[in-house]
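Here the structure comes first, spelled out in structure tokens, and everything after it is commentary.
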Amino acid sequence: MTTLGLLGGGAWAQSPSELRQQFQETDRNGDGRIDREEFHRRSVDLFYLLDKDRKGYLMIGDLKGLPGQDFKAADREGDGKLTLEEFINGRFGNFDAADTNGDGVVTLAEIEVYVNRRR
């Protein structure tokens, strides 16, 4: 499993307030839970935000703070580039791991536990 940041684009948020802010930005309906659709939308938005040169893929340099081995794990084609599909799949691995009760949504508490465990 890769550690493509659960809410951000590369490495994990550096502080609890950053994590909380990222959570609120992802929780589009403000119900205190992030469902798979909200997470998918956030992932697509992040991909295009990070693809500053509009290449249609991300390279390791586009994902600040992401360890090389995590990039390689997400790079299924092994070509040094992450397509949108590879980026989303890598991130959903984290979503599923953070969803400890398997209800298809993640709460801020679940994310905090997961992020602290991964550091």
Side-chain angles (χ1 to χ4, degrees):
M1 172 180 339
T2 177
T3 57
L4 290 176
L6 188 60
L7 298 177
W12 303 111
Q14 297 301 306
S15 70
S17 64
E18 284 179 311
L19 187 62
R20 203 171 312 106
Q21 178 185 352
Q22 289 177 356
F23 183 90
Q24 290 169 344
E25 290 169 2
T26 306
D27 179 18
R28 293 181 184 223
N29 65 5
D31 68 353
R33 305 170 347 145
I34 297 171
D35 62 33
R36 294 182 73 79
E37 176 61 27
E38 288 170 320
F39 189 74
H40 183 267
R41 286 181 183 200
R42 171 76 170 187
S43 297
V44 170
D45 290 348
L46 280 171
F47 179 87
Y48 289 109
L49 178 71
L50 294 168
D51 183 16
K52 291 177 176 42
D53 298 330
R54 301 209 184 336
K55 303 176 299 288
Y57 56 84
L58 299 174
M59 299 185 74
I60 188 71
D62 297 320
L63 299 164
K64 306 267 187 282
L66 183 71
Q69 70 269 17
D70 294 339
F71 184 90
K72 284 182 182 180
D75 181 15
R76 301 308 227 162
E77 294 177 16
D79 60 2
K81 304 172 184 174
L82 290 186
T83 63
L84 176 59
E85 181 180 1
E86 289 171 322
F87 182 73
I88 289 173
N89 287 341
R91 289 173 49 79
F92 265 109
N94 292 326
F95 181 94
D96 292 338
D99 182 16
T100 54
N101 62 2
D103 64 355
V105 298
V106 291
T107 63
L108 182 57
E110 284 177 312
I111 291 171
E112 288 171 336
V113 167
Y114 182 68
V115 168
N116 288 330
R117 197 171 58 226
R118 297 292 304 182
R119 286 189 175 161

Next item on the list: Tell me, with the steps shown, if D27 and R33 meet side-chain contact (heavy atoms from CB on, under 4.5 Å).
Entry: CA-CA 6 Å; D27 179 18; R33 305 170 347 145; 5.7 Å; no
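- Inter-residue side-chain proximity for T107 and I111 is flagged as unmet; no heavy-atom pair is nearer than 4.5 Å.
- Counting all heavy atoms, side chain and backbone alike, E37 lies closest to D35 at N-OD1, 3.1 Å.
- Put simply, CG on N89 and CZ on R76 are 8.0 Å apart, with the number rounded to the nearest 0.5 Å.
- Linking ILVMFWY residues whenever their side-chain heavy atoms come closer than 4.5 Å, directly or via other members, leaves L50 and M59 in distinct clusters.
- Note that CG of D45 and CG of L49 are 8.5 Å apart. Values are rounded to the nearest 0.5 Å.
- N116 places a side-chain N or O within 3.5 Å of a backbone atom of E112 that can act as its donor or acceptor partner.
- To the nearest 0.5 Å, the span separating CZ on F87 from CZ on F71 amounts to 10.5 Å.
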Item checked: Steps toward side-chain contact (heavy atoms from CB on, under 4.5 Å) verdict (E38, N29) -> CA-CA 9 Å; E38 288 170 320; N29 65 5; 3.0 Å; yes
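- Using a distance-only test at 3.5 Å, with no hydrogens or angles considered, a donor-acceptor pair links the side chain of D99 to the main chain of G104.
- N94 places no side-chain N or O within donor-acceptor distance of the main-chain N or O of A98, the cut-off being under 3.5 Å.
- Atom CD1 in I34 sits 10.0 Å away from atom CD in E110 (nearest 0.5 Å).
- A distance of 10.5 Å separates CG of D70 from CG of L63, quoted to the nearest 0.5 Å.
- Listed here is the closest heavy atom pair of K81 and D75: O-OD1, 3.0 Å.
- Y114 and A97 get closest at one heavy-atom pair: CE1-CB, 3.5 Å.
- Applying side chain to side chain donor-acceptor pair (under 3.5 Å) to E25 and the options Q21, Q22, R28 leaves one that passes, Q21.
- Under a 4.0 Å N-O distance rule, the pair R36/D96 qualifies as a salt bridge.
- Annotation for E77 and E86: closest pair N-OE2, 3.0 Å, computed over non-hydrogen atoms.
- Taking the salt bridge (Lys or Arg N to Asp or Glu O under 4.0 Å) definition, one finds that K55 meets it with D51, D62, sequence neighbours left out.
- The aromatic rings of F92 and F39 stand perpendicular to each other, their planes meeting at an angle above 60°, with 30° marking the opposite boundary.
- Cluster annotation: F95 is not connected to V113 through the hydrophobic network of ILVMFWY side chains, with a link wherever side-chain heavy atoms come within less than 4.5 Å.
- The salt bridge (Lys or Arg N to Asp or Glu O under 4.0 Å) test applied to E85 returns no partner, not counting sequence neighbours.
- Remark: L82 CG to I60 CD1 distance equals 8.0 Å, nearest 0.5 Å.
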